[in-house]
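Below: the structure, in structure tokens.
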Amino acid sequence: MAVSRREFVLGVAAAAVSTKMIAQKTQTCPFRLAVINDEIGTDFERSCHIAAHDFGLSWIEIRTLWGKSLTDASADQVAEAKKILAKYNLKVTDLASPLFKTDLPGAPSSKSGTPHDTFHSDVPYKEQDELLEKLIDLSKTFGTDRIRCFDFWRLQDQKPWRAEINRKLIEASEKCAKHDLILLLENEMACNTGSGPEAAALLAAIPNKNFMLNWDLGNSGTFPGDVPYPNDYEKLPKHRIGHVHCKNVKRTPGGKTEFQWQPVDVGLVDWVGQFKALKRDGYHYAVSLETHWRGGPGDTPDAIAESSTRISMKGLKDCLGKAGISC
């Protein structure tokens, strides 16, 4: 069917208005809204497709590639991942690495024994320097300036070992600084900096400007009596927060475990208040979904992960909306 000049002009105008509206909506989001790829599933391309097309995201956080830790992926897998990211116009917020998620040499094991990384990477201490070098190279490959780390498996009494832990973190941050990279320490309950107050103390002890916090309110909320927002957040130096993980949690004292993960909009974390505060305080880095919750329907682990992450992303966006933020 022939299209008149008037219809053509109106169509072009409508497309321009639509493009402008999309651009305006993107510009109103103060954060780099993202999701960790393997929270959706092990198939990297499907995760990227869902992130871009179903969630409407421009950013993604990489932790594993096709079931392998990012640093264990082959050169061909890394190259394929780059092509997939370009295909879906996705940028990488950071490398969600397991750096320093290992035992500290000489330190006694905790009473509960040594944990294991659940995301396919258990790297011994002697290989951590090599791991960091790999991550620095991969950060350049994926065009991100941020690498996540931890501060060793949690000790029963970390005080005698805190100086050595901090020394290693400072050494790593200085190495990253030479490449204009940010080292993000995630507060993780299985490691020596788990709660919000512990994160505040660590940032005070390590003043390096490129050493920042991956603020995880859900992890902090696993500690009895902890109030991630507003109590913990108020203690944190706002300019040292360089990444935020979104998940929620409820405590279950006396149960099989002391806590259970929840969708972002369910649980003890006040995400509406936290989002308002982040916007108020000028935070503009990533807000990345790391739901961990696996309560969605499905008959395979990947199907459950995908449905659960879809439910949690909806909850996250609902919280953003209640905070008056459009993303």
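All values below come from the heavy atoms of this structure, side chains included, with hydrogens, waters and symmetry mates left out. Positions are given from 1, in the same order as the sequence printed here. Quick caveat, the model's predicted, so the values are computed rather than measured.
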- Message: I'd like to know if Glu164 pairs up with Lys168 as an ion pair, taking the criterion as any Lys NZ or Arg NE/NH1/NH2 lying under 4.0 Å from an Asp or Glu carboxylate oxygen.
- Response: no
- Do Arg148 and Glu61 sit within salt-bridge range, that is, some charged N less than 4.0 Å from a carboxylate O? no
- Query: Hey, is CZ on Arg162 packed in by over 12 heavy atoms from elsewhere, all under 6.0 Å?
  - Reply: yes
- Report the relative orientation of the aromatic rings in Tyr283 and Tyr285; use parallel for angles under 30°, tilted for 30 to 60°, perpendicular for over 60°. perpendicular
- Inspect the surroundings of NZ in Lys314 and state if more than 12 heavy atoms from other residues, nucleotides or ligands are less than 6.0 Å away. no
- Within the 6.0 Å centroid threshold, strictly below: Tyr88 and His49: yes
- Query: For the atom pair CZ (Phe31) and NZ (Lys279), what is the distance rounded to the nearest 0.5 Å?
  - Reply: 8.0 Å
- side chain to side chain donor-acceptor pair (under 3.5 Å) between Ser220 and Asp232, intermediate numbers included: CA-CA 9 Å; Ser220 193; Asp232 291 351; 2.8 Å; yes
- Task: For the pair Asp38 (side chain) and Gly41 (backbone), establish whether a donor and an acceptor sit closer than 3.5 Å, ignoring hydrogens and angles.
- Result: no
- Report the distance from atom SG of Cys246 to atom CD of Glu39, rounding to the nearest 0.5 Å. 11.5 Å
- Item | Main-chain N/O of Asp151 paired with Asn192 side-chain donor or acceptor, under 3.5 Å | yes
- Query: Between Lys87 and Glu45, does at least one N-O distance fall below 4.0 Å, as a salt bridge requires?
  - Reply: yes
- Query: Can any side-chain N or O of Asn214 pair as donor or acceptor with the backbone N or O of Glu186 at less than 3.5 Å?
  - Reply: no
- Task: Quickly, which of Thr93, Val92, Leu184 forms a side chain to side chain contact (heavy atoms under 4.5 Å, CB included) with Arg146? Name it, please.
- Result: Leu184
- Query: Is the gap between the ring centers of Phe150 and Phe152 under 6.0 Å?
  - Reply: no
- Task: List the steps, then state whether side chain to side chain contact (heavy atoms under 4.5 Å, CB included) holds for Asp145 with Ser139.
- Result: CA-CA 6 Å; Asp145 67 344; Ser139 69; over 6 Å; no
- Regarding Lys238 and the six-membered ring of Tyr233, is the cationic atom NZ or CZ under 6.0 Å from the ring centre and inside 45° of its axis? yes
- Query: Between Asn166 and Leu202, is a side chain to side chain contact (heavy atoms under 4.5 Å, CB included) present by the stated rule, with each step listed?
  - Reply: CA-CA 8 Å; Asn166 291 359; Leu202 180 60; 3.3 Å; yes
- Message: Between the side chains of Glu171 and Arg167, is the shortest nitrogen-to-carboxylate-oxygen separation below 4.0 Å, so that they form an ion pair?
- Response: yes
- Does Gln77 use its side chain to pair, donor to acceptor, with the backbone of Ser74 at less than 3.5 Å? yes
- Message: Could you tell me if Lys101 sits above the aromatic ring of Trp153, with its cationic atom closer than 6.0 Å to the ring centre and no more than 45 degrees from the axis?
- Response: no
- Message: For a quick test of reading the model, state the closest non-hydrogen atom pair linking Thr64 to Asn37 and the distance between them.
- Response: O-ND2, 2.8 Å
- Message: Measuring from atom CG of Leu33 to atom CD1 of Ile325, what distance do you get when rounded to the nearest 0.5 angstrom?
- Response: 10.5 Å
